[in-house]
Trainee: 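Structure incoming, see below.
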Amino acid sequence: MTTLVVGGAGYVGSHTVVALHAAGRDVVVLDDFSNARSDVVGELRTLTAPNLAVIEGDATDRAAVRRLCDEHDFDSIVHFAACKSVPESFSEPLRYYRNNLLSTLNLAEVAIERGIDRLVFSSSAVVYGMPEQLPVTEETPPAPQSPYGTTKLICERILADASACSALRAVILRYFNPVGAHASGRIGEQPIEAGQNLVPVVMRVALGSADRLQVFGDDYGTRDGTAVRDFVHVMDLAEGHLVALEADLGTQSSCVFNLGTGIGTTVLELIEAAEAATGRRIRYEVVGRRPGDIAESWADCSRAADEMGWRARRGLPQMLADHWHFVNRCADGSA
Ligand code: WQD
């Protein structure tokens, strides 16, 4: 039996492919390579098997998804494929709705048609918007503040409703802030467009390929005035998908889990940790807040621990050391 990993050449997807293979699962990757470099394929085959099946294709094409299911005996699907930039989703909302919703609809429909009974869905803490209470639990009312966050919430509802009337079981994973890379340094966060999230920018400053970091606001009501986030190692997230494939949902047809560390780190604390991990000074200047940013967000992950036995095992120093190892390997061309 085989797991179809849709978006398996992307950041969290590629690390999940490695984790599933390491656990002895057979994997087929489907990716349209709209936000993943083709050289990831070679690295994935080095980390898994030379004959790892990687299919270039579009999950919004239902006929293509059906053809793939004719060729392989899938028992499960992990669905990562989505446009995922908050700012971009405001300028291109219809592309986000079409791509993110249609791919999810197709995969749910074909899974039910073919008797595939487990679908693990890559969701995000963005569905919470500006949570009032902290830490954020899965009961925190969703209130997405962007078209991207809204697509994730609608996809969750599609999967919950589809699984409620079928044999499909959906496990929805809401990630907080993924960072880090596989210890080998062969795969990491390497989107087509240079990432504008905090850690990729910090790493470019450490490398010297960016002059300084702009810190978006230091006037939040936090311990040092800068925003707080729950950074989680991408390999911990990958392992979370493995346990989600095997999780016993009991009588539930779907379930939502937060995947984070439960630890909040401020932007200035992250800069300090990055200087320790890289041995480089991270120059920064404080500027105005970025529109749409929230002050604080960190997860209550007790449900994942209690019901799936999953906990994040890697701390911030390892996240940043692994991220730095990867960007250095890319920078000196060894990647
Ligand atoms: C973190 C903090 C910024 C850059 C993102 C998005 C979405 C999600 C991952 C998929 C904030 C500050 C950042 C910079 C800064 N992905 N910052 N200078 O916004 O928490 O959430 O998480 O779902 O991409 O929702 O992540 O890394 O962009 O920002 O000061 O150059 O770092 O203001 O406080 P965010 P982030």
Side-chain angles (χ1 to χ4, degrees), residues 7 10-13 15 35 79-90 96 99-100 121-131 134 136 142-156 172-180 189 191 193-206 209-234 237 258-261 263-274 282-299 316 319-320 323:
Y11 180 33
V12 184
H15 289 77
N35 195 24
H79 177 26
F80 294 98
C83 304
K84 65 166 194 170
S85 163
V86 169
E88 187 183 58
S89 75
F90 284 101
Y96 271 64
N99 184 62
N100 296 4
F121 178 65
S122 163
S123 190
S124 167
V126 289
V127 303
Y128 294 116
M130 301 191 176
L134 290 164
V136 183
Q145 305 287 306
S146 67
Y148 163 62
T150 304
T151 69
K152 284 296 183 183
L153 184 59
I154 295 172
C155 287
E156 291 188 8
I172 292 156
L173 305 179
R174 292 175 178 166
Y175 317 153
F176 280 68
N177 289 63
V179 296
E189 185 167 20
E193 300 285 319
Q196 297 310 313
N197 292 127
L198 179 62
V199 171
V201 177
V202 163
M203 291 296 164
R204 289 201 291 273
V205 174
S209 53
D211 174 52
R212 69 189 64 193
L213 169 75
Q214 289 188 313
V215 173
F216 297 138
D218 66 351
D219 56 351
Y220 290 102
T222 63
R223 52 184 174 268
D224 64 19
T226 62
V228 175
R229 293 293 184 274
D230 185 333
F231 299 101
V232 55
H233 199 295
V234 66
L237 288 182
N258 284 340
L259 296 190
T261 62
I263 298 168
T265 301
T266 72
V267 173
L268 291 183
E269 290 164 350
L270 185 111
I271 292 169
E272 190 179 347
I282 310 292
R283 289 162 57 90
Y284 68 89
E285 62 174 333
V286 179
V287 298
R289 294 182 179 187
R290 181 171 65 175
D293 270 351
I294 59 176
E296 298 185 77
S297 170
W298 70 90
L316 191 62
M319 294 179 214
L320 294 170
H323 210 119

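First listed ligand is number 1; within each ligand, the first listed atom is number 1. Sequential numbering from 1 along the given sequence is applied to the chain's residues.
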Trainee: Starting from atom 26 (O) of ligand 1, which protein heavy atom do you reach first, and at what distance in Å?
Mentor: N177 ND2, 3.2 Å
Trainee: Between E269 and R223, does at least one N-O distance fall below 4.0 Å, as a salt bridge requires?
Mentor: yes
Trainee: Heavy-atom distance to atom 34 (O) of ligand 1: which of S124, S89, A227 wins?
Mentor: A227
Trainee: Just going by heavy-atom distances, which of R229, E88, E296 is nearest to atom 11 (C) of ligand 1?
Mentor: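 The nearest heavy atom belongs to R229.
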Trainee: I'd like to know if the side chain of N35 and the backbone of G10 have a donor-acceptor N/O pair within less than 3.5 Å.
Mentor: no
Trainee: Where do D218 and T226 land on the side-chain hydrogen bond (donor to acceptor under 3.5 Å, both in side chains) test, with the steps shown first?
Mentor: CA-CA 4 Å; D218 66 351; T226 62; over 6 Å; no
Trainee: Got an N/O contact under 3.5 Å between L198 and ligand 1?
Mentor: yes
Trainee: For atom 24 (O) of ligand 1, grab the closest protein heavy atom and report residue, atom and distance to one decimal in Å.
Mentor: N197 ND2, 3.4 Å
Trainee: In terms of atom number and element, which parts of ligand 1 are under 4.0 angstrom from non-hydrogen atoms of V86?
Mentor: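 Those atoms are 6 (C), 25 (O).
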Trainee: Given N258, which of W298, Y175, Y128 fulfils the side-chain hydrogen bond (donor to acceptor under 3.5 Å, both in side chains) condition?
Mentor: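 Among W298, Y175, Y128, the one that satisfies the side-chain hydrogen bond (donor to acceptor under 3.5 Å, both in side chains) with N258 is Y128.
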Trainee: Starting from the C-alpha separation in whole Å, work towards a yes-or-no answer on side-chain hydrogen bond (donor to acceptor under 3.5 Å, both in side chains) for E88 and Y148.
Mentor: CA-CA 8 Å; E88 187 183 58; Y148 163 62; over 6 Å; no
Trainee: For ligand 1, which atoms, with element, lie under 4.0 Å from some heavy atom of Q196?
Mentor: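 In order of number, 4 (C).
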Trainee: Which residue holds the protein heavy atom closest to atom 23 (O) of ligand 1, what is that atom called, and what is the gap in Å?
Mentor: Y148 OH, 2.6 Å
Trainee: Does the side chain of F90 come within less than 4.5 Å of P147's, by heavy atoms?
Mentor: yes
Trainee: Can you tell me which residue and heavy atom of the protein come closest to atom 14 (C) of ligand 1, and the distance to 0.1 Å?
Mentor: F216 CE1, 3.3 Å
Trainee: I'd like to check which ligand 1 atoms, numbered from 1 as shown, lie under 4.0 Å from a non-hydrogen atom of V215.
Mentor: 30 (O)
Trainee: Could you tell me whether F216 atom CZ has more than 12 heavy atoms of other residues or ligands within 6.0 Å of it?
Mentor: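 Yes, the 6.0 Å shell around CZ holds more than 12 heavy atoms from other groups.
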Trainee: Should M319 and L270 count as side-chain neighbours, where that means a heavy-atom distance under 4.5 Å?
Mentor: no
Trainee: Can you pull out the closest protein heavy atom to atom 31 (O) of ligand 1? Residue, atom name and distance to 0.1 Å, please.
Mentor: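 Of the protein heavy atoms, L213 CD1, 3.5 Å lies nearest.
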Trainee: Taking A194's backbone N and O only, do any of them form a donor-acceptor pair with Q196's side chain (distance below 3.5 Å, no angle check)?
Mentor: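 Yes; judged by distance alone, with no hydrogens or angles, the pair exists.
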Trainee: Could you tell me the residue and atom name of the protein heavy atom closest to atom 25 (O) of ligand 1, and the distance to it rounded to 0.1 Å?
Mentor: V126 CG1, 2.9 Å
Trainee: Any idea which part of R289 is under 4.0 Å from ligand 1, heavy-atom wise: side chain, backbone, both or neither?
Mentor: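 The answer is neither; R289 stays 4.0 Å or more away.
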Trainee: Determine, considering heavy atoms only, which of I294, T226, D293 sits nearest to atom 3 (C) of ligand 1.
Mentor: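 Going through I294, T226, D293 one by one, D293 has the nearest heavy atom to atom 3 (C) of ligand 1.
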Trainee: For atom 18 (N) of ligand 1, which protein heavy atom lies nearest, and how many Å away is it?
Mentor: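 Its nearest protein heavy-atom neighbour is Q214 O, 2.7 Å.
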Trainee: R289 side chain to D219 main-chain N or O, any donor-acceptor pair under 3.5 Å?
Mentor: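 Between the backbone of D219 and the side chain of R289 there is a qualifying donor-acceptor contact (under 3.5 Å).
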Trainee: Students should be able to answer this: which protein heavy-atom is nearest to atom 19 (O) of ligand 1, and at what distance?
Mentor: R290 NH2, 2.8 Å
